[in-house]
Trainee: 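Right, I'll just put the structure down here and ask away after.
Throughout, residue positions are numbered sequentially from 1 according to the sequence presented.
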Amino acid sequence: MQFKLAFVSAALATLAVATPAPRGEPASSCSTAPVQCCESVEPASSTAVAPILASIGVVLQDLNVLVGLTCSPITVIGTSSSCSAQAVCCEDNSHGGLISIGCVPVTL
């Protein structure tokens, strides 16, 4: 279990450095959950995401769905929001911040 956690952490750190940050829909269009700040966003079929999904028992029908890795809700202080990685709106944020499923990049 510790090896698996170390492997996942190393993989996520690598992705955080190697993945560009696309921007898309306005954050106000997110109606499914709070906007999330994810270290990276990859298709479910990617070599970084597929093993994580398998290890926690998540099976997706559409392997093109975007999955956010290492996500946390964006806190809004006054009128400013901050996310130094990728801001996304995701349909499923129920995996404790490890992953968020069905994500769409948003512009803050």
Side-chain angles (χ1 to χ4, degrees):
M1 181 65 179
Q2 289 176 345
F3 175 73
K4 192 181 293 186
L5 182 58
F7 175 75
V8 169
S9 296
L12 293 177
T14 301
L15 285 172
V17 173
T19 307
R23 299 288 180 224
E25 302 291 323
S28 61
S29 69
C30 185
S31 62
T32 58
V35 173
Q36 300 284 310
C37 184
C38 299
E39 291 298 320
S40 66
V41 179
E42 301 281 337
S45 60
S46 78
T47 57
V49 174
I52 296 170
L53 293 173
S55 72
I56 61 173
V58 174
V59 177
L60 299 175
Q61 297 298 319
D62 182 0
L63 295 179
N64 293 317
V65 159
L66 291 178
V67 176
L69 301 172
T70 313
C71 302
S72 59
I74 293 178
T75 56
V76 178
I77 302 170
T79 58
S80 65
S81 301
S82 68
C83 177
S84 60
Q86 294 184 27
V88 292
C89 178
C90 304
E91 293 178 15
D92 180 0
N93 299 313
S94 65
H95 302 282
L98 175 64
I99 62 168
S100 293
I101 300 170
C103 299
V104 175
V106 296
T107 303
L108 298 176

Trainee: Go through the steps to decide whether L60 and I101 satisfy the test side chain to side chain contact (heavy atoms under 4.5 Å, CB included), and finish with yes or no.
Mentor: CA-CA 9 Å; L60 299 175; I101 300 170; 3.9 Å; yes
Trainee: Looking only at heavy atoms, what is the nearest atom pair of V58 and H95, with distance?
Mentor: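 Scanning both residues, the minimum pair turns out to be CG2-CE1, 3.7 Å.
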Trainee: I'd like to check I99 versus V49 (side-chain heavy atoms, cut-off strictly below 4.5 Å). Are they in contact?
Mentor: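 Heavy-atom side-chain distance check fails, nothing below 4.5 Å.
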Trainee: With a 4.5 Å cut-off on side-chain heavy atoms, are V41 and Q86 touching?
Mentor: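 Heavy-atom side-chain distance check passes, below 4.5 Å.
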Trainee: Can you name the closest pair of heavy atoms from P73 and P34 and give their distance?
Mentor: CB-CB, 4.5 Å
Trainee: Would you check, one step at a time, whether the test side chain to side chain contact (heavy atoms under 4.5 Å, CB included) holds for V67 with E42?
Mentor: CA-CA 5 Å; V67 176; E42 301 281 337; 5.7 Å; no
Trainee: Restricting to non-hydrogen atoms, name the atom on C71 and the atom on G68 that form the minimum distance, rounded to 0.1 Å.
Mentor: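 Between these two residues, the closest heavy atoms are SG-C, 3.4 Å.
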Trainee: For the residue pair N93 and Q36, establish whether any side-chain heavy-atom pair is separated by less than 4.5 Å.
Mentor: yes
Trainee: What's the verdict on side chain to side chain contact (heavy atoms under 4.5 Å, CB included) for L69 and S40, showing C-alpha distance, side-chain angles and the deciding distance?
Mentor: CA-CA 5 Å; L69 301 172; S40 66; 3.4 Å; yes
Trainee: Report yes or no: do V104 and L63 belong to one cluster of Ile/Leu/Val/Met/Phe/Trp/Tyr joined by side chain heavy-atom distances under 4.5 Å?
Mentor: no
Trainee: SG to SG below 2.5 angstrom is the rule I want applied to C103 and C89. Does it hold?
Mentor: no
Trainee: As a quick check of understanding, evaluate disulfide bond (SG atoms under 2.5 Å apart) for C83 and C37, giving each step before the final call.
Mentor: CA-CA 6 Å; C83 177; C37 184; 2.1 Å; yes
Trainee: Once rounded to the nearest 0.5 Å, what's the spacing between atom OG of S55 and atom CG of L98?
Mentor: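 The OG atom of S55 sits 7.0 Å away from the CG atom of L98.
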Trainee: Does L66 reach the side chain of P105, with side-chain heavy atoms less than 4.5 Å apart?
Mentor: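 They are in contact (side-chain heavy atoms under 4.5 Å apart), so the answer is yes.
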